[in-house]
Amino acid sequence: MLLTVDVGNTNITCAVFEKKEIKTSFRLTTKQPRTSDEFGMLMNTLMLSNGLEPSLIDGIIVASVVPNIMHSLNNAMVKYFGIEPVIVEAGIRTGLKLNMENPRQVGADKIVDAVAAYEMYGGPVIVVDFGTATTFDFVAENGEFSSGVIAPGILASANALWEQTAQLPEVQIKRPKSILGKDTVSCMQAGLFFGQVGQIEYIIKMIKKECGLKECRVVATGGLGNIFKEETEMIDVYDPALTMHGLRIVYEKQKR
């Protein structure tokens, strides 16, 4: 079995694959400092609680945008699973042609998302990831990854709104009944939700225009992607497991 690990700014998302099927998945918080023993014990416990024996893991792959936890996490994999993990980094085989000015600056999460979208849904494809940031990445028909956009995520925007204003409260992120808010909470929800929808639609429209494309599949992933998939026709597919499948595909490419 394969353990895939995506280390994001907010969460560490893990999935266990048996061939191409996800048998279980679980999350840890990223910002809490942990030792290698804590990482190892937590992962073992979470696997066991989901009915999976950790000793069945025979491969691990990690994509991370948080370098300062990688020493502890890597040591946990070696100590508790007896496996040196594959790390998604510059030079790894992905099947994509990475044509950016500085390829080493491209986030590992963006790479594996692009790999999964291209392999599973074909190109050209725009990948939208609703994480701490909302990212938009374009992969051409020939598999060339050459451009992208990084914008504030809706939670980051919300945090900035209520942390920088004295009288605005924290609100639940959801679609309000109307864009015309009648009180402070609904006004904030309207601005956050519909502002994100407008951002999504405009950026996708401009990527298609600048790339000269009339047709281009748009694949979304990330925690809040499902609520936006229902709101805009610009998103063709919402795949919450896209990153995990991207890690699986990249791992398989290393074995060929």
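Throughout, numbering of the chain's residues begins at 1 and tracks the sequence.
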One should read off an interatomic distance between Leu73 CG and Glu38 CD, to the nearest 0.5 angstrom, of 12.5 Å
When you compare the side chain of Ile22 with that of Val16, does any pair of heavy atoms fall below 4.5 Å? no
Please determine whether residues Val78 and Phe39 belong to a single hydrophobic cluster, defined as Ile, Leu, Val, Met, Phe, Trp and Tyr linked transitively by side-chain heavy-atom distances below 4.5 Å. no
For the pair Leu213 and Phe138, evaluate side chain to side chain contact (heavy atoms under 4.5 Å, CB included) and give the outcome as yes or no after the intermediate values. CA-CA 11 Å; Leu213 297 169; Phe138 174 68; 3.4 Å; yes
Candidate pair Thr35 and Ser72, rule side-chain hydrogen bond (donor to acceptor under 3.5 Å, both in side chains), full reasoning: CA-CA 6 Å; Thr35 66; Ser72 292; over 6 Å; no
Between Thr4 (side chain only) and Ala15 (backbone N and O only), is there a donor and an acceptor less than 3.5 Å apart? yes
According to a hydrophobic-cluster definition based on side-chain heavy atoms being under 4.5 Å apart (Ile, Leu, Val, Met, Phe, Trp, Tyr only), do Val5 and Leu48 belong together? no
Separation between CD1 of Ile111 and CG of Asp137, rounded to the nearest 0.5 Å: 9.5 Å
Closest heavy-atom pair and its distance - Met100, Ser147: SD-N, 3.6 Å
With a 4.5 Å heavy-atom cut-off, do Ile249 and Met120 have their side chains touching? yes
side-chain hydrogen bond (donor to acceptor under 3.5 Å, both in side chains) for Ser186 and Asp183? Distances and angles first, verdict last. CA-CA 6 Å; Ser186 61; Asp183 54 45; 2.9 Å; yes
Note, Leu52 side chain near Leu56 side chain (heavy atom, < 4.5 Å): no
Residue pair Gly40 / Ala76: nearest heavy atoms and the distance that separates them: N-CB, 3.7 Å
Show me the side-chain donor-acceptor pairs of residues 167-179 shorter than 3.5 Å, one per line, residues at least two apart or across chains.
unit_1: Arg175; atom_1: NE; unit_2: Glu231; atom_2: OE1; d: 2.6
unit_1: Ser178; atom_1: OG; unit_2: Leu180; atom_2: N; d: 2.9

Where is the tightest heavy-atom contact between Phe145 and Val139, given as atom of each residue plus distance? CD1-CG2, 4.4 Å
Would you say that Asn226 contacts Pro240 through its side chain, given a criterion of any heavy-atom pair below 4.5 Å between the two side chains? no
The side-chain hydrogen bond (donor to acceptor under 3.5 Å, both in side chains) partners of Thr243 (sequence neighbours excluded) come to Asp113
Taking CD in Glu233 as the centre, count heavy atoms belonging to other residues, nucleotides or ligands within less than 6.0 Å. Is the count above 12? no
Honestly curious: do Val62 and Met47 fall in one hydrophobic cluster under the side-chain, below-4.5 Å linking rule? yes
Does Asp37 come within less than 4.0 Å of Lys79, counting only side-chain N to carboxylate O? yes
Cys14 and its side-chain contact (heavy atoms from CB on, under 4.5 Å) partner, picked from Leu3, Thr24, Ile60: Leu3
Residues Ile57 and Gly59: closest non-hydrogen pair is CG2-O, 3.5 Å
Approximate separation, where rounding is to 0.5 Å, of Leu247 CG and Leu2 CG: 8.0 Å
Taking CE in Met41 as the centre, count heavy atoms belonging to other residues, nucleotides or ligands within less than 6.0 Å. Is the count above 12? no
To the closest 0.5 Å, what do you measure between OG (Ser36) and CE (Met77)? 11.0 Å
Residues forming a side-chain hydrogen bond (donor to acceptor under 3.5 Å, both in side chains) with Asn142, sequence neighbours excluded: none
Can Asp239 and Tyr121 be said to form a side chain to side chain contact (heavy atoms under 4.5 Å, CB included), step by step? CA-CA 11 Å; Asp239 187 342; Tyr121 302 102; 2.8 Å; yes
Smallest heavy-atom separation, Val86 atom then Ile92 atom, equals CG1-CD1, 3.7 Å
Pairing of Lys19 and Glu252 as salt bridge, 4.0 angstrom limit: no
Apply side chain to side chain contact (heavy atoms under 4.5 Å, CB included) to the pair Arg34 and Leu42, showing each step before the final yes or no. CA-CA 10 Å; Arg34 292 189 176 94; Leu42 278 170; 3.2 Å; yes
Assess whether ring-ring contact (aromatic ring centres under 6.0 Å, His included) is satisfied between Phe193 and Phe228, documenting all intermediate values. CA-CA 9 Å; Phe193 182 84; Phe228 296 111; 5.1 Å; yes
Measure the spacing between CG of Asp6 and OG of Ser25 and express it to the nearest 0.5 Å. 12.0 Å
For Thr10 and Thr30, which I'm curious about, is there any donor-acceptor pair between the side chains at under 3.5 Å? no
Which atom of Tyr251 lies closest to which atom of Asp58, heavy atoms considered: OH-O, 4.0 Å
Same cluster or not: are Phe17 and Met43 linked, directly or through other Ile, Leu, Val, Met, Phe, Trp or Tyr residues, by side-chain heavy atoms under 4.5 angstrom apart? no
Are any of the side-chain heavy atoms of Ile61 and Val88 separated by less than 4.5 Å? yes
Does any non-hydrogen side-chain atom of Thr29 lie less than 4.5 Å from one of Ile12? no
Note, Ile126 side chain near Lys208 side chain (heavy atom, < 4.5 Å): yes
Ile207 side chain near Cys211 side chain, heavy-atom distance below 4.5 Å: yes
Leu28 and Phe81: same hydrophobic cluster, using ILVMFWY side-chain contacts below 4.5 Å? yes
Only residue of Lys20, Lys253, Arg248 satisfying salt bridge (charged side-chain N to carboxylate O under 4.0 Å, His left out) with Glu119 is Lys253
Step-by-step side chain to side chain contact (heavy atoms under 4.5 Å, CB included) determination, Ile154 to Gln196: CA-CA 7 Å; Ile154 190 169; Gln196 189 80 4; 3.9 Å; yes
Would you compute the distance between atom SG of Cys216 and atom CG of Asp236 and round it to the nearest 0.5 angstrom? 8.5 Å
